[in-house]
Amino acid sequence: MCFLFLGLVVLVRFAMRDMELDVDVLRESIMNLPAVIMENIQLSREVSGDMWRIKIPYLDRDGDVVNVKSLDIRRQISGDKGEWYFFGREGIYSHDVKEASITDLLGTLKDENRTWKLEGKRLNWQEKNNTLTFPEGLTIYDEELSLNAPNASIDNRGVILLDHGGVIQWLKPLKE
């Protein structure tokens, strides 16, 4: 989930700002190192009232490409209005083009009334326009409904846009 990388970037930026480090100078210094391997990274940060927690068991950077193996992102929405949880099997971020891709995404989206499960083969994120896209399809479901879309995107408010339509299936039997 590129969304995950966005969260990671935001958390790192705030952490560096809190330590009074120049974010751009530090980022460029790290990108100039020959290679970096990090394990068991855990970050927590409040952003706009929401608490974000990210766990990355393994990260390696070689050149302008960062690879991660297995990452968990949890967003606790302020005011106990819900929680988002995402798991990605692996991801890649390109510093040159400022794009990320996460494969085999699973997640849950909880609000005060409902819990939805989310699945996508790939999530892409572009820093330039801050877009999240599911170019290989998105499935969202609970015990009542299932939504399958061949291509979808999520805007910065969390609204899911079905770029090429989709199919909604009612799973709960009607009461007689």
Side-chain angles (χ1 to χ4, degrees), residues 1-48 50-76 83-109 118-140 149-161 163-164:
M1 137 84 87
C2 298
F3 183 69
L4 304 174
F5 282 106
L6 173 62
L8 179 61
V9 168
V10 169
L11 289 174
V12 170
R13 181 171 285 277
F14 279 112
M16 287 186 230
R17 187 191 70 190
D18 287 351
M19 294 185 289
E20 297 182 9
L21 298 173
D22 186 320
V23 172
D24 294 324
V25 169
L26 186 57
R27 179 182 63 201
E28 293 304 318
S29 298
I30 290 172
M31 292 310 293
N32 289 328
L33 293 172
V36 174
I37 294 175
M38 301 172 88
E39 294 182 339
N40 299 322
I41 301 166
Q42 294 188 29
L43 303 166
S44 296
R45 182 69 183 169
E46 184 177 322
V47 178
S48 301
D50 297 345
M51 180 56 73
W52 290 83
R53 290 181 175 82
I54 299 173
K55 294 180 183 178
I56 303 172
Y58 179 84
L59 175 148
D60 72 72
R61 188 200 52 78
D62 191 10
D64 78 322
V65 176
V66 176
N67 295 291
V68 298
K69 304 288 184 204
S70 176
L71 63 132
D72 294 302
I73 295 183
R74 189 172 304 273
R75 175 189 181 196
Q76 182 67 45
E83 182 177 59
W84 293 6
Y85 171 76
F86 298 104
F87 167 79
R89 185 174 52 85
E90 58 186 13
I92 187 168
Y93 173 76
S94 173
H95 180 69
D96 276 351
V97 294
K98 307 255 189 283
E99 293 181 1
S101 181
I102 298 173
T103 58
D104 297 332
L105 181 69
L106 299 172
T108 56
L109 306 171
L118 176 142
E119 296 178 12
K121 289 184 182 182
R122 187 168 50 131
L123 175 65
N124 293 338
W125 172 73
Q126 294 177 333
E127 183 176 343
K128 182 172 110 177
N129 52 12
N130 196 24
T131 59
L132 298 171
T133 59
F134 294 86
E136 297 177 28
L138 171 67
T139 300
I140 297 178
N151 188 302
S153 60
I154 299 178
D155 71 12
N156 58 3
R157 298 168 294 154
V159 175
I160 297 170
L161 307 169
D163 302 325
H164 295 99

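- Heavy atoms only, all atoms of each residue included: Ser70 and Pro57 are closest at O-CD, 2.6 Å.
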Open item on the list: Please evaluate residues Lys98 and Tyr93 with respect to the criterion side chain to side chain contact (heavy atoms under 4.5 Å, CB included), reporting the C-alpha separation (whole Å), side-chain torsions for both, the decisive distance (0.1 Å), and the verdict.
Closed with: CA-CA 7 Å; Lys98 307 255 189 283; Tyr93 173 76; 3.7 Å; yes
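- Of the inter-residue distances, the one linking Ile41 atom CD1 with Tyr58 atom OH reads 10.5 Å to the nearest 0.5 angstrom.
- Note: Leu59 CG to Lys69 NZ = 10.5 Å, rounded to the nearest 0.5 Å.
- Scored by the side chain to side chain donor-acceptor pair (under 3.5 Å) test, Asn151 finds no partners at all (sequence neighbours excluded).
- Nearest heavy-atom pair across Asp163 and Ala152 is OD2-C, 3.4 Å.
- We find the CZ-CD distance between Arg75 and Glu83 to be 11.0 Å, quoted to the nearest 0.5 Å.
- Residues Arg53 and Ser44 share a closest heavy-atom pair of CG-OG, 3.6 Å.
- Atom NZ of Lys55 sits about 12.5 Å away from atom CG of Leu71, to the nearest 0.5 Å.
- Taken from CZ in Phe134 to CG in Leu161, the straight-line distance is 11.0 Å, to the nearest 0.5 Å.
- Atom CD of Glu136 is separated from atom CG of Leu105 by 12.0 Å, given to the nearest 0.5 angstrom.
- With Ser101 as the partner, the side chain to side chain contact (heavy atoms under 4.5 Å, CB included) test is satisfied by one option alone out of Leu123, Thr133, Ile92: Ile92.
- Under the side chain to side chain donor-acceptor pair (under 3.5 Å) criterion, Ser94 pairs with Asp64, not counting sequence neighbours.
- At most 12 heavy atoms of other shown residues, nucleotides or ligands fall within 6.0 angstrom of atom CE in Met38.
- For the side-chain hydrogen bond (donor to acceptor under 3.5 Å, both in side chains) criterion with Asp104, the lone passing option out of Arg122, Lys121, Arg89 is Arg89.
- Considering every non-hydrogen atom in both Arg74 and Tyr85, the closest pair reads NH2-CD1, 3.4 Å.
- Side-chain contact between Leu118 and Trp84: absent, with no pair of heavy atoms (C-beta onward) separated by less than 4.5 Å.
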